[in-house]
Amino acid sequence: MMSIRVLAIGGSLRQGSYNHLLLEQAQRQAPEGMRIEIAELSDVPLYNSDVQAQGFPEPVRRLAAQAAQADAFLIATPEYNYSIPGVLKNAIDWLSRVPEAPFQGKPVAIASASMSGLGGVRAQYHLRQVLIYLDVMPLNKPELFVSAAHEKFAADGRLTDEATREGLDKLLASLAARTLRLRAGEAVAVAA
């Protein structure tokens, strides 16, 4: 049986954020053997190299430890002004500076939820540009854009739209498959 640890990172701090609800739904729909942990970003300070020079703050060390232990990542982001939110970029900026390079070589699945009709398309495009520097293995397909998100979640936070639930299943299955393929490739390389 597979065992995959996924660190889920949400791009919004808003209580009831559709992207956070999407990550919670991913926890409920995760394939057998996949465990999804949602990162806490609310106490991660703004990146400042002067602060870094004094040592990484505790919230950053916690996030870096979670990222280092993860086999893969799931990022759900809203779209702010045609791009990714500052809170997400800030977390990525901190993680790009920790010595362990926790993103490097790991698969990343991207989703976005928005009240707009485009579902965060532009934010995903910008996020992919940012992730290039981190040397991740992004999933190109399937793509998951949740448009009109305010109509697709119940009051209790559960995703009610069947097509979106199926899209999330496919995204998580692809993330699991990519993670296992990379793991198998590493095992072959070590054995050689």
Side-chain angles (χ1 to χ4, degrees), residues 1-13 17 19-20 22-24 26-27 30-31 33-78 83-112 123-140 144 171-192:
M1 178 168 77
M2 72 173 173
S3 174
I4 298 173
R5 296 179 68 169
V6 176
L7 182 62
I9 302 173
S12 175
L13 299 178
S17 156
N19 287 279
H20 190 77
L22 189 59
L23 294 179
E24 289 176 347
Q27 286 179 315
M34 178 183 280
R35 192 181 72 173
I36 300 174
E37 177 182 11
I38 300 175
E40 174 59 52
L41 302 182
S42 64
D43 58 351
V44 175
L46 292 175
Y47 177 75
N48 180 330
S49 60
D50 293 335
V51 173
Q52 178 187 343
Q54 301 299 314
F56 290 96
E58 174 53 35
V60 174
R61 289 196 311 269
R62 179 195 68 232
L63 181 61
Q66 290 174 304
Q69 294 171 0
D71 300 307
F73 296 90
L74 171 61
I75 300 176
T77 183
S83 190
I84 61 175
V87 67
L88 177 58
K89 180 66 165 62
N90 185 59
I92 291 170
D93 288 345
W94 273 113
L95 288 174
S96 72
R97 286 159 172 83
V98 297
E100 301 83 26
F103 280 110
Q104 188 173 17
K106 294 180 182 177
V108 178
I110 300 171
S112 54
Q124 284 201 31
Y125 176 69
H126 281 185
L127 179 56
R128 288 177 185 280
Q129 290 176 315
V130 171
L131 293 176
I132 289 170
Y133 178 78
L134 302 175
D135 196 22
V136 301
M137 306 294 281
L139 293 181
N140 294 318
L144 183 59
L171 185 69
L172 295 174
S174 292
L175 182 61
R178 170 73 61 89
T179 304
L180 294 174
R181 276 195 308 274
L182 289 171
R183 189 180 289 165
E186 289 172 3
V188 169
V190 169

Query raised in the report: Hey, does the side chain of Ser17 reach the backbone of Leu13 with a donor-acceptor pair shorter than 3.5 angstrom?
Result: no
Query raised in the report: Checking side chain to side chain contact (heavy atoms under 4.5 Å, CB included) for the pair Val136/Phe73: CA distance, chi angles, key distance, verdict?
Result: CA-CA 10 Å; Val136 301; Phe73 296 90; 5.9 Å; no
Requested in this report: Inspect the contact between Lys106 and Asp71 and indicate whether a charged nitrogen and a carboxylate oxygen are less than 4.0 angstrom apart.
Outcome: no
Report task. Indicate the atoms forming the closest heavy-atom contact of Gln124 with Ser112, along with that distance. Result -> NE2-OG, 2.9 Å
Query raised in the report: Are the side chain of Arg178 and the backbone N or O of Pro138 linked by a donor-acceptor pair below 3.5 Å?
Result: yes
**Report entry** Side-chain (Arg181) to main-chain (Ala176) donor-acceptor, under 3.5 angstrom
**Finding:** no
Requested in this report: Please lay out, stage by stage, how Leu74 and Leu23 fare under the test side chain to side chain contact (heavy atoms under 4.5 Å, CB included).
Outcome: CA-CA 8 Å; Leu74 171 61; Leu23 294 179; 3.7 Å; yes
Query raised in the report: Quick one: CD1 on Ile110 to OH on Tyr125, what's the gap to the nearest 0.5 Å?
Result: 12.5 Å
**Report entry** Test side chain to side chain contact (heavy atoms under 4.5 Å, CB included) applied to Arg35 and Ile4, step by step
**Finding:** CA-CA 6 Å; Arg35 192 181 72 173; Ile4 298 173; over 6 Å; no
Report task. Evaluate the criterion side chain to side chain contact (heavy atoms under 4.5 Å, CB included) for residue pair Leu63 and Glu40; output intermediate values, then yes/no. Result -> CA-CA 8 Å; Leu63 181 61; Glu40 174 59 52; over 6 Å; no
Query - Nearest atoms (heavy-atom pairs only) where Pro102 meets Leu95 - result: CD-O, 3.6 Å
Query raised in the report: Quick one: are Met137 and Val108 in side-chain contact, heavy atoms under 4.5 Å?
Result: no
Requested in this report: Determine yes or no for a side-chain-to-main-chain donor-acceptor pair under 3.5 angstrom, with Gln27 supplying the side chain and Ile36 the backbone.
Outcome: yes
Query raised in the report: Ignoring hydrogens and geometry, is there a side-chain-to-backbone donor-acceptor pair from Gln129 to Leu131 under 3.5 Å?
Result: no
Query raised in the report: So, for Ala123 and Thr77, which heavy atoms are closest and what is the spacing to 0.1 Å?
Result: CB-CG2, 4.2 Å
**Report entry** Approximate separation, where rounding is to 0.5 Å, of Ser96 OG and Phe103 CZ
**Finding:** 8.5 Å
Requested in this report: Write down the atom of Leu172, the atom of Ala26, and the distance for their closest heavy-atom approach.
Outcome: CD1-O, 3.7 Å
Requested in this report: Check whether any side-chain N or O of Arg61 sits under 3.5 Å from a backbone N or O of Phe56 as a donor-acceptor pair, and report yes or no.
Outcome: yes
Query - Nearest heavy atoms of Leu182 and Gly105, plus distance in Å - result: CD1-O, 3.8 Å
Query raised in the report: Are side-chain heavy atoms of Leu134 and Gln104 found at a separation under 4.5 Å?
Result: no
Query - Donor-acceptor contact present, side-chain Gln66 to main-chain Glu37, <3.5 Å - result: no
Query raised in the report: Any donor-acceptor pair under 3.5 Å linking the side chain of Trp94 with the backbone of Pro45?
Result: yes
Requested in this report: Side-chain contact test, heavy atoms from C-beta onward, threshold under 4.5 Å: evaluate it for Leu175 versus Leu139 and give yes or no.
Outcome: yes
Query raised in the report: Do Val51 and Pro57 come within less than 4.5 Å of each other through their side chains, counting heavy atoms only?
Result: yes
Query raised in the report: Can you check whether Tyr47's main-chain N or O pairs, donor with acceptor, with Asn90's side chain at less than 3.5 Å?
Result: yes
Requested in this report: Could you check if a side-chain atom of Pro78 sits within less than 4.5 angstrom of a side-chain atom of Pro85, using non-hydrogen atoms only?
Outcome: yes
Query raised in the report: Distance-only, no hydrogens or angles: does the Asn19 side chain make a donor-acceptor pair with backbone N or O of Gly11 under 3.5 Å?
Result: no
**Report entry** CG-CD distance between Asn48 and Gln54, expressed to the nearest 0.5 angstrom
**Finding:** 10.0 Å
Requested in this report: Determine whether His20 and Ile38 make a side-chain contact, defined as any pair of heavy atoms from C-beta on separated by less than 4.5 Å.
Outcome: yes
Query raised in the report: Looking only at heavy atoms, what is the nearest atom pair of Arg183 and Ser3, with distance?
Result: NH2-O, 3.0 Å
Query raised in the report: Under 4.5 Å between any side-chain heavy atoms of Asp43 and Arg62, yes or no?
Result: yes
Query - Interatomic distance, Gln52 atom CD to Arg97 atom CZ [nearest 0.5 angstrom] - result: 6.5 Å
